[in-house]
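Step one of this worksheet: look at the structure below.
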Amino acid sequence: MIRAAGLDVRFGRGEGAVHAVRAVDFEVAPAGSIGLVGESGSGKSTVLRAIAGLVDDWTGTLEIAGEPLGRSRSRQFRREVQMVFQDPYGALHPRHAVDRILKEPLVIQGFDARDRRVEAALDEVGLDASFRYRFPHQLSGGQRQRVAIARALIIEPRVLLLDEPTSALDVSIQAEVLNLLQRLRRERALTYVLVSHNLAVVGHMCEHLVVMRDGDVVESMDVATLRRRSPTHPYTRQLFQASLGYDAAVIASFVDDL
Amino acid sequence: MTGADAPLIEVEDLHVGFRTPKGMVEAVRGVGFTLGREKLGIVGESGSGKSQTGRAILGLIAGNGAVRARKLRFAGIDLVDATPRTMRTIRGNRVSMVLQDPRYSLNPVMTVGRQIAEAFLVHHRASRRQAKERALEMLRAVRIRDPERVYRAYPHELSGGMGQRVMIAMMMIPQPDVIIADEPTSALDVTVSLQVLAILDDLVSSRGMGLILISHDLELVASFCDRVLIMYAGRVVESCAARDLSHARHPYTQGLLRSLPKIDAPVEELPTLQRDPSWAL
Ligand SMILES: Nc1ncnc2c1ncn2[C@@H]1O[C@H](COP(=O)(O)OP(=O)(O)OP(=O)(O)O)[C@@H](O)[C@H]1O
Ligand SMILES: Nc1ncnc2c1ncn2[C@@H]1O[C@H](COP(=O)(O)OP(=O)(O)OP(=O)(O)O)[C@@H](O)[C@H]1O
Ligand SMILES: [Mg+2]
Ligand SMILES: [Mg+2]
């Protein structure tokens with residue numbers, strides 16, 4: 001359903017240029033789910049933004065459902081591919097109330113029964129009607145994140161690009177949102193690319209994961225390898241060890257350039 | 001009350017309420033705790049009042065909100081009736097807060113390096129060059145790979161986790177007595193997150209700082225903090241030694257622990273909480 005081959009992304013030119021993504025390859029089957037994990041600043045969000053058509057300077061191949069993607073994205077593409085951004089605060093219009101934030105994509109894509117859909121979308125992410133006329137700054141961090149998820153789901157896309165979608169949620173709400181995403185994937189055959197630093201979340205949601213560091217893919221593995229905690233690359237091994245919790249002695253032994 | 005064991009922060013019966021067109025939102029309802037030279041974790045339901053509790057201490061509540069408390073003190077200084085000037089001094093020098101959406105607390109039109117260096121110059125006698133050196137050093141300390149580039153970058157050119165690390169570096173500049181960190185590492189990979197927390201840990205043990213860490217990462221809080229408060233619907237429903245979190249008694253806390261996905265024990269569907277209305281009374 002999604003294929004990236006030799007994907008390269010650069011920001012700027014000349015001396016100050018940043019080569020944020022280097023020769024990244026991965027493939028996701030229809031109704032499949034892949035996890036991108038790895039170092040902060042390694043290019044995970046940039047990969048999602050390239051697929052979504054939000055960065056200009058990329059080279060290589062990107063395909064959705066066998067169709068190569070060019071520079072611009074059609075309205076049809078936006079109907080089928082939705083992204084949940086890492087910073088829900090920046091992604092929600094600060095002066096629009098939740099109701100308007102959720103209705104806008106419905107209007108653009110020509111959906112009817114908008115009031116009913118807004119209500120249902122909020123209900124699915126565990127927000128009652130009292131949130132409908134609040135502004136983003138009047139919500140808690142996790143409430144904003146759920147509004148962002150509701151906005152992505154409301155136009156019933158086929159592909160979801162999820163950038164840390166539950167990082168601001170407590171684990172009980174996280175469980176509800178992950179269950180919702182898994183149910184939608186089963187029922188509507190959705191395809192997911194999920195960025196998360198939480199290996200347990202990736203293990204729960206994905207069949208496959210790609211580990212990134214400094215723009216490169218250092219390792220890809222199936223979920224069974226994750227469960228056995230038996231990666232091959234030293235960077236991934238350190239990452240897995242860090243997921244066991246805070247231990248000052250272990251942290252002191254970390255090596256920055258593996 | 002200035003001895004080494006005097007509490008840094010004292011909170012008793014704290015209330016934060018917001019006026020909205022749909023009526024009052026009682027965000028915090030009678031929260032109480034003290035903070036010493038220690039690491040105190042706050043976990044709990046999304047919307048349970050964790051961030052507003054932290055913000056109330058610093059007087060950072062939105063215009064439609066009101067704060068009321070029997071006691072709200074920093075180092076013995078009353079914060080409820082403090083003058084704006086006292087509050088500014090406390091905020092700038094003695095208590096720092098890392099807000100939950102860090103990239104939006106940075107100035108979008110000023111380079112990251114200049115923001116750090118200027119913050120440094122406010123608090124230290126130093127030349128511009130020294131300030132830049134210190135800023136680069138701090139970026140290195142929070143494990144930024146390419147400090148020279150990040151120094152020249154604007155906030156929108158940073159990744160989510162880089163923004164968080166810049167904020168943490170800024171908050172450490174005044175060498176505050178207390179840091180309130182609201183989900184400070186939620187966008188960081190686990191390796192860097194632990195490395196950054198180790199810096200804060202060190203400030204607590206070497207300088208006797210107090211740290212309030214708001215987080216939903218239960219395993220992290222249990223292994224990193226000394227004590228933990230569990231919040232639900234504006235109240236503290238339970239508090240315990242962090243290492244005893246797995247034996248927590250409140251049904252909400254137990255439910256939280258059950259709903260964690262586990263790497264080596266996959267389940268088809270994650271257990272969810274049946275929220276009992278009596279928890280919110
Ligand atoms: N608009 C931009 N201009 C310049 N550099 C950028 C821009 N956007 C991102 N970068 C750089 O690209 C690199 C990758 O950023 P990206 O946001 O993809 O990282 P990430 O893996 O998502 O990290 P995190 O886990 O911290 O969110 C970083 O070094 C970042 O500074
Ligand atoms: N300006 C405001 N007006 C109205 N309600 C508000 C305002 N700011 C916050 N609230 C509400 O106060 C409650 C507590 O918010 P707070 O940000 O403290 O939650 P939190 O525990 O930090 O949650 P999260 O984990 O999701 O960040 C929430 O229900 C939120 O919607
Ligand atoms: Mg990112
Ligand atoms: Mg919060």
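Below, chain A is the first sequence line, B the second, and so on; all start at residue 1.
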Problem - Side chain proximity check, B:Y151 to B:L136, heavy atoms < 4.5 angstrom - result: yes
Exercise for the section: Salt-bridge test for A:E176 and B:R275: reply yes if a basic N is under 4.0 Å from a carboxylate O, no otherwise. Expected result: yes
Problem - NZ/NE/NH1/NH2 to OD/OE distance under 4.0 Å, B:D202 and B:R207 - result: no
Completion exercise
Turns out that what part of B:A62 lies under 4.5 Å from chain A's heavy atoms comes down to neither
Exercise for the section: With a 4.5 angstrom heavy-atom cut-off, could you sort out which part of B:Y252 is near chain A: side chain, backbone, both or neither? Expected result: side chain
Problem - Per-residue contact mode, A:V18 against chain B (heavy atom under 4.5 angstrom) - result: side chain
Problem - Residue A:N179 versus chain B: region with a heavy atom under 4.5 Å - result: side chain
Problem - Pairs of heavy atoms under 4.5 Å with chain A: top-ranked of B:L188, B:L220, B:L257 - result: B:L188
Handout entry: Heavy-atom side-chain contact between A:R229 and A:Q241 under 4.5 Å
Key = no
Handout entry: Which portion of A:R183 sits near chain B, non-hydrogen atoms under 4.5 angstrom
Key = neither
Practice task
Pick one of side chain, backbone, both or neither for A:L178, based on which atoms fall under 4.5 Å of a heavy atom in chain B.
Solution key: side chain
Practice task
Could you check if a side-chain atom of A:T236 sits within less than 4.5 angstrom of a side-chain atom of A:M221, using non-hydrogen atoms only?
Solution key: yes
Problem - Contact origin within A:Y235 toward chain B - heavy atom pairs under 4.5 Å - result: side chain
Problem - Exercise: do A:S40 and B:R165 side chains pair donor with acceptor under 3.5 Å - result: yes
Handout entry: Among B:D264, B:T272, B:L194, B:V192, residue most engaged with chain A (heavy-atom pairs, under 4.5 Å)
Key = B:L194
Fill in the blank from the handout: If one checks every heavy atom of B:V221 against chain A at 4.5 Å, the contacting part turns out to be neither
Completion exercise
Among B:K22, B:E219, B:M162, B:E269, the residue with the most heavy-atom pairs under 4.5 Å to chain A is B:E269
Exercise for the section: Select all residues of residues 45-57 of chain A having any heavy atom within less than 4.5 Å of some heavy atom of chain B, and report them by number, or 'none'. Expected result: none
Handout entry: Salt bridge present between B:D189 and B:R143 (N-O < 4.0 angstrom)
Key = no
Problem - Greatest number of heavy atom pairs closer than 4.5 Å to chain A - which of B:G65, B:A265, B:S51, B:A187 - result: B:A187
Exercise for the section: Begin from the C-alpha positions of B:M231 and B:T53 and carry the test side-chain contact (heavy atoms from CB on, under 4.5 Å) through to its verdict. Expected result: CA-CA 10 Å; B:M231 286 188 66; B:T53 297; 3.9 Å; yes
Exercise for the section: Check each atom of B:P21 against the heavy atoms of chain A and say whether the ones under 4.5 Å are side chain, backbone, both or neither. Expected result: neither
Problem - Side-chain H-bond candidate by donor/acceptor type, A:R185 with A:Q182, under 3.5 Å - result: yes
Exercise for the section: Identify which part of B:L218 has an atom lying under 4.5 Å from any heavy atom of chain A, answering side chain, backbone, both or neither. Expected result: side chain
Problem - Part of A:R146 within contact of chain B (heavy atom distance under 4.5 Å) - result: side chain
Handout entry: Between B:S215, B:G255, B:G161, the one whose heavy-atom pairs under 4.5 Å with chain A are most numerous
Key = B:G161
Completion exercise
Whatever's closer than 4.5 Å to a heavy atom in chain A on B:E268 counts as both
Problem - Within 45° cone and under 6.0 Å: B:K39 NZ/CZ vs B:F224 ring - result: yes
Fill in the blank from the handout: Of all heavy-atom pairs linking B:A66 and B:I61, the shortest is N-CG2, 4.4 Å
Problem - Main-chain N/O of A:L194 paired with A:K44 side-chain donor or acceptor, under 3.5 Å - result: no
Practice task
Measure distances from B:E45 to the heavy atoms of chain A and classify the residue's part below 4.5 Å as side chain, backbone, both or neither.
Solution key: both
Problem - Portion of B:D146 that has a non-hydrogen atom of chain A nearer than 4.5 angstrom - result: neither
